[in-house]
2 protein chains.
Amino acid sequence: MPPELNARQQEILDFLAQTIRERGFPPTFREIAEHCGFRSTQAVSRHLEALEKMGCIHRESGARSIRLASRLLEEPDSTEPVRMVPLVGEVAAGRPILAVEDIEDRLPVRQDWLPVHERSFFLRVRGDSMAEGIQAGDLVLVDPGVRVHRAEIVVAMIEDEATVKRFYPEADRVVLRSDNPTYADIVVSRDFRVVGRVSALIRKYR
Amino acid sequence: MPPELNARQQEILDFLAQTIRERGFPPTFREIAEHCGFRSTQAVSRHLEALEKMGCIHRESGARSIRLASRLLEEPDSTEPVRMVPLVGEVAAGRPILAVEDIEDRLPVRQDWLPVHERSFFLRVRGDSMAEGIQAGDLVLVDPGVRVHRAEIVVAMIEDEATVKRFYPEADRVVLRSDNPTYADIVVSRDFRVVGRVSALIRKYR
DNA sequence: TTGACAAGTGAACGGATGTTCACTAGAATT
DNA sequence: AATTCTAGTGAACATCCGTTCACTTGTCAA
């Protein structure tokens, strides 16, 4: 919509957005000048004038009285397709998948990140078998019933025990390898099952 | 959560939130005084001082340099448990934060994972300075304007370059440390800025 | 070459703005 | 009754900040 934006104008617009986002209020003329390398506030004044004429900003009188046009506002009610995916248990110790009644929680995931079948779920990771890439407490998104390729990360069931490993199929057996080199490879033939592919990971700090 | 708020303090806090929401920047002392019916800016000064001590606002020097802390900037219709958080750029190389027009994408995040101020955003990580825990391509959720504690992960700006590091404050300087031991510590004094705390991480496989 | 124009410099100006100091009135505390 | 605390007044002040004016520089078209 805004026909042509100068490089300088774009730079100032970026700086305005950044400052407002990080500090909570707009910068002064002199702060803008310093950012752009100007030695005069007059240059800022004229650029802001141009930006206002183009409708990118709106100004009132007084210090820092700059408001960005409506594109800045984030619409939280956008109709993005999001699905709430259940967190159903833990992996790498004990029984991995609990009954549906034991859904601990639900986390939002964009629908285009999920396969169509609606059976994905989250598991909380225990242990450090995939450290440091996957850490204890991380939540892995597991897609059951999708094709797993070589070296992808899977949740595998081995004798009633579930673990997160990389998947290396061979002629008549499968090697399950940890990213953490202190864990030895696990070679399995038929006494195991791939629960699903790990397609994403969510980590919450603190 | 906030211990006890005076009626006046609540009135000022409401006025701050309303002004910021409607005008895009905070009011001046005299505007606050006029709203409250004060005839002196000194009363405003002391109330703001008290509010800052209670952690409700944060102030810098200069005109209108008031930032509301966490809880108060939310719209009254925030019953949604999920908020779409914008992905606004990359970090660890070049310019870190692009204009608001350049929102690449939006990702859903549970609202109770976010501070209430609605200014959180995602950045895509480049490089391996925090490997293996944080890998290239990961999306980090950045909360600007929250207190950062020792050893937490932050996005820091050092001379127009943004990086993800662990934050170790010392007497009159700050050590920024990579998890990846092949990167040396960066010691900075004043020529840097903490953009925000990294509070979560999302990784998409394949 | 000339002229127009956009972009920036440098300095000065005046008003806006946060700060400070001395003081008052009422309420709570001792 | 004396003292302290809270909340606000009023004025003075230094500085921050947007505005304005005159001038310079480089580019492009006529």
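Throughout, protein chains are lettered first and strands after them, A, B, ... in sequence-line order, and every chain is numbered starting at 1.
Applying the side-chain hydrogen bond (donor to acceptor under 3.5 Å, both in side chains) criterion to A:Arg106, with sequence neighbours excluded, gives no partner residue. For A:Ala136, there are no side chain to side chain contact (heavy atoms under 4.5 Å, CB included) partners at least two apart in sequence or on another chain. Taking the ring-ring contact (aromatic ring centres under 6.0 Å, His included) definition, one finds that A:Phe29 meets it with nothing, sequence neighbours left out. For A:Glu31, the side-chain hydrogen bond (donor to acceptor under 3.5 Å, both in side chains) partners two or more places apart in sequence, or in a different chain, are A:Arg23, A:Arg64. A search for side-chain hydrogen bond (donor to acceptor under 3.5 Å, both in side chains) contacts involving B:Ser178 returns B:Lys165, not counting sequence neighbours.
Taking atom CZ of residue B:Arg64 and atom C1' of nucleotide C:dT17, one finds them 9 Å apart after rounding to whole Å. One can place CZ of B:Phe25 at 14 Å from C1' of C:dA16, the figure rounded to the nearest angstrom. When rounded to the nearest whole Å, the span between CD1 of A:Ile32 and C1' of D:dT19 equals 15 Å. If you take CD of B:Glu60 and P of D:dC16, they are 15 Å apart, rounded to a whole angstrom. For the pair A:Glu49 CD and C:dC5 C1', the interatomic distance rounds to 15 Å; values are reported in whole Å. Look at CD on B:Glu31: it is 9 Å from P on C:dG18, rounded to the nearest Å. Going from atom CD of A:Glu11 over to atom P of C:dA7 covers 13 Å, rounded to whole Å. Separating the CD1 atom of A:Ile12 from the P atom of D:dG18 is a distance of 13 Å, rounded to the nearest angstrom.
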Derivation of the side chain to side chain contact (heavy atoms under 4.5 Å, CB included) call for A:Ile186 and A:Val175: CA-CA 6 Å; A:Ile186 297 177; A:Val175 177; over 6 Å; no
Treat primed atoms plus P, OP1 and OP2 as sugar-phosphate and everything else as base, then score nucleotides 8-13 of chain C 5' to 3': B for base contact with protein heavy atoms under 4.0 Å, S for sugar-phosphate contact only, - for none. BBB---
